[in-house]
Amino acid sequence: MTTTNRAPAEPSTVPPPTQHPPPGAPPPTAPYRIGRVRSVARVLAVVACVPYVGLKLAWLAGSRAGIPDGSPLLDGGVVLAVGNAATVLMVGCVVVLALLLTRPWGLRVPAWLLVVPMWVASGLLLPVMTAYPLQMAVRLLGGDGGQASGGAGDPFLEPWVFGVVYGGFILQGLALGTLFALYARERWGHLWQGRLRDLPRTPSSPVLRVAAVAAALVALAPGLAHLFWAAGSTAGLDEGRAAGRTSDFHVLEAVNALFVAAAVTGVLLLAFRRGGRLPLRVPLVLVWAGSAQVACWGGWLSIAALVGAGDVADRPTTPMVLIYAGQMLVGALIALPVAHLLAERAAASMSSGARSGNRSGTRA
């Protein structure tokens with residue numbers, strides 16, 4: 001019998017098959033990059049803060065730049081000084097956010113420490129970003145926007161101040177929005193992939209449905225109030241606003257009603273999975289923008305009502321204060337359960353990725 005000597009088999013040099021992350025799992029960490037868009041947006045966000053901060057610091061130093069004779073701001077005293085200082089600090093947060101969204105250490109910041117300030121910033125900037133351009137367009141078409149009124153026809157600020165300040169706010173919002181969208185896509189983009197029908201049922205789904213229905217019911221009061229005020233009703237308004245309404249007022253109220261509708265629509269879509277083929281990001285954007293504007297703008301107006309000075313006739317009425325409080329409640333009822341939904345999806349993605357890794361290790 002012929003015996004053939006065979007060489008021992010050599011270890012295989014074929015690399016193991018590439019392991020792909022399971023569907024819905026977060027993408028692998030990549031080296032941090034900042035492109036031209038981020039660089040430009042960061043500079044724009046910082047530069048856009050300069051006019052507003054400059055005016056506020058000038059007023060704190062005693063300047064009357066942009067403040068005409070007879071303006072209620074001249075009698076603001078300590079309350080106005082504290083308010084100016086507080087708003088300077090708020091604008092300073094824009095600079096911090098711009099850095100956080102464009103630096104490597106920003107990826108290690110806890111999610112809530114970034115999301116909450118961005119949500120508040122969205123709620124305060126979105127009304128200006130949407131209403132002010134519309135107000136200017138209505139004026140060009142013949143609207144009686146004019147300058148704002150403070151009390152019995154007294155001028156509040158010079159017209160150029162609104163253009164400078166609101167123009168800066170719009171640039172801040174565009175820059176921060178761009179930076180946050182790019183950041184969120186890198187860090188959490190896997191959470192809103194897919195369509196609405198693919199959203200799984202979880203133990204918290206009934207809670208989301210209850211919160212959505214409650215928010216829709218509570219939202220009827222502020223939503224209808226803003227809609228009626230936009231249409232010309234004066235019910236519940238203080239004497240100063242009722243007498244000094246212009247096209248600017250009607251546009252702003254229409255925008256307020258629109259954001260209430262957006263918030264409720266978004267949360268109802270998420271809660272009841274209507275419009276199954278709709279991309280999941282659509283209701284999430286509606287919830288983010290709507291709940292932020294409704295809650296934060298309502299909170300801002302509530303603070304202004306509490307510390308406001310001037311004639312009694314120009315102070316917000318009890319119905320107006322209740323409307324502002326209702327907005328804050330609606331925003332909370334919508335934002336909190338949706339945030340919990342996203343946290344569940346993030347936890348499920350991490351668990352799925354861990355199980356996939358364990359199975360790969362076992363096979364190896």
### Message
Which label fits His226 and Trp229: parallel for a plane angle under 30°, tilted from 30 to 60°, or perpendicular past 60°?
### Response
perpendicular
### Task
With side-chain contact (heavy atoms from CB on, under 4.5 Å) as the test, would you mind laying out the steps for Val94 and Val46 before giving the verdict?
CA-CA 7 Å; Val94 173; Val46 175; over 6 Å; no
### Query
Hey, any chance Leu252 and Val165 share a hydrophobic cluster, counting ILVMFWY side chains that come within less than 4.5 Å of each other, even indirectly?
no
### Message
To check you understand the geometry: which heavy-atom pair defines the closest contact between Ala45 and Ala98, and what is its length?
### Response
CB-CB, 4.1 Å
### Mutual orientation of the aromatic rings belonging to Tyr166 and Tyr132 [parallel < 30°, tilted 30-60°, perpendicular > 60°]
perpendicular
### Identified side chain to side chain contact (heavy atoms under 4.5 Å, CB included) partner of Leu269 from the options Val264, Val282, Leu278
Leu278
#### Entry: Trp300 atom CH2, over 12 foreign heavy atoms within 6.0 Å
no
### Query
Do Pro117 and Leu97 come within less than 4.5 Å of each other through their side chains, counting heavy atoms only?
yes
### Message
Within the structure provided, determine whether Thr234 and Arg245 are in side-chain contact (heavy-atom separation under 4.5 Å).
### Response
yes
### Message
Starting from Tyr324, can I reach Leu258 by hopping between I/L/V/M/F/W/Y residues whose side chains sit under 4.5 Å apart?
### Response
no
### Query
For Met320 and Leu237, what are the C-alpha separation, side-chain angles and deciding distance, and is it a side-chain contact (heavy atoms from CB on, under 4.5 Å)?
CA-CA 7 Å; Met320 294 175 67; Leu237 291 175; 4.2 Å; yes
## Note on the structure
Rounded to the nearest 0.5 angstrom, the CG-CH2 distance for Leu74 and Trp59 is 10.5 Å
### Query
Are Met136 and Phe162 linked, directly or through other ILVMFWY residues, by side chains that come within less than 4.5 angstrom of each other?
yes
#### Entry: Taking every non-hydrogen atom, the tightest pair across Trp160 and Ala65
CZ2-C, 4.3 Å
### Message
Between Arg64 and Asp69, is there a side-chain heavy-atom distance shorter than 4.5 Å?
### Response
yes
### Query
Does one side chain, of Gln293 or Asn256, offer a donor that lies under 3.5 Å from an acceptor on the other?
yes
### Ring centers of Phe259, Trp297 separated by less than 6.0 Å
no
#### Entry: Heavy-atom closest contact (Val95 atom, Cys49 atom, distance)
CG2-SG, 4.2 Å
### Query
So which heavy atom on Ala230 is nearest to which on His250, and how close?
O-ND1, 3.2 Å
### Query
Any ion pair linking Arg195 and Asp198 (charged N to carboxylate O, less than 4.0 Å)?
no
#### Entry: Arg38 vs Glu186, salt bridge (charged side-chain N to carboxylate O under 4.0 Å, His left out): CA-CA, chis, key distance, verdict
CA-CA 13 Å; Arg38 281 189 173 97; Glu186 285 187 357; 3.1 Å; yes
### Task
Applying side-chain hydrogen bond (donor to acceptor under 3.5 Å, both in side chains), run through Gln135 and Ser247 and close with a yes or a no.
CA-CA 7 Å; Gln135 289 170 340; Ser247 62; over 6 Å; no
### Message
Rounded to the nearest 0.5 Å, what separates atom CZ in Arg241 from atom OG1 in Thr317?
### Response
8.5 Å
### Query
What about Val294 and Met118, same hydrophobic cluster or not, with Ile/Leu/Val/Met/Phe/Trp/Tyr joined at side-chain heavy-atom distances under 4.5 Å?
yes
### Task
Measure the spacing between OG of Ser205 and CG of Leu341 and express it to the nearest 0.5 Å.
7.5 Å
### Query
So do the side chains of Leu280 and Arg345 get within less than 4.5 Å of each other, counting heavy atoms only?
yes
### Task
Determine yes or no for a side-chain-to-main-chain donor-acceptor pair under 3.5 angstrom, with Thr87 supplying the side chain and Asn84 the backbone.
yes
### Task
Over all heavy atoms of both residues, which pair between Ala263 and Gly290 is shortest? Give the atoms and the distance, please.
CB-C, 3.5 Å
### Task
State, yes or no, whether a side-chain contact exists between Leu114 and Leu101 at a heavy-atom distance under 4.5 Å.
yes
### Query
Hey, does the side chain of Tyr183 reach the backbone of Gly106 with a donor-acceptor pair shorter than 3.5 angstrom?
yes
#### Entry: Close aromatic pair by centroid cut-off 6.0 Å: Trp119 and Phe180
no
### Query
Taking side chain as C-beta onward, heavy atoms only, is Met129 less than 4.5 Å from Phe169?
no
### Query
Just how far is it from atom CG of Leu179 to atom OG of Ser39, taken to the nearest 0.5 Å?
9.5 Å
### Query
Say you draw a straight line from CG of Leu80 to CG of Leu60; how long is it, rounded to the nearest 0.5 Å?
8.0 Å
### Considering all heavy atoms, the nearest Pro337-Ala211 contact
CG-CB, 3.7 Å
### Test item: Thr130 side-chain N/O and Leu126 main-chain N/O as donor-acceptor pair under 3.5 Å
yes
### Query
Hey, any chance Val287 and Trp188 share a hydrophobic cluster, counting ILVMFWY side chains that come within less than 4.5 Å of each other, even indirectly?
yes
#### Entry: Over 12 foreign heavy atoms within 6.0 Å of CZ, Arg201
yes
### Query
Taking it one step at a time, do Leu113 and Leu100 satisfy side-chain contact (heavy atoms from CB on, under 4.5 Å)?
CA-CA 11 Å; Leu113 196 56; Leu100 188 152; 6.0 Å; no
### Query
Rounded to the nearest 0.5 Å, how far does OG of Ser291 lie from CD of Gln327?
12.5 Å
#### Entry: Leu208 and Val338: CA distance, side-chain angles, deciding distance, side-chain contact (heavy atoms from CB on, under 4.5 Å) verdict
CA-CA 7 Å; Leu208 179 59; Val338 173; 4.1 Å; yes
#### Entry: Side-chain donor or acceptor of Arg281 paired with backbone N/O of Trp192 under 3.5 Å
no
### Message
Is any side-chain heavy atom of Pro316 closer than 4.5 Å to one of Leu301?
### Response
no
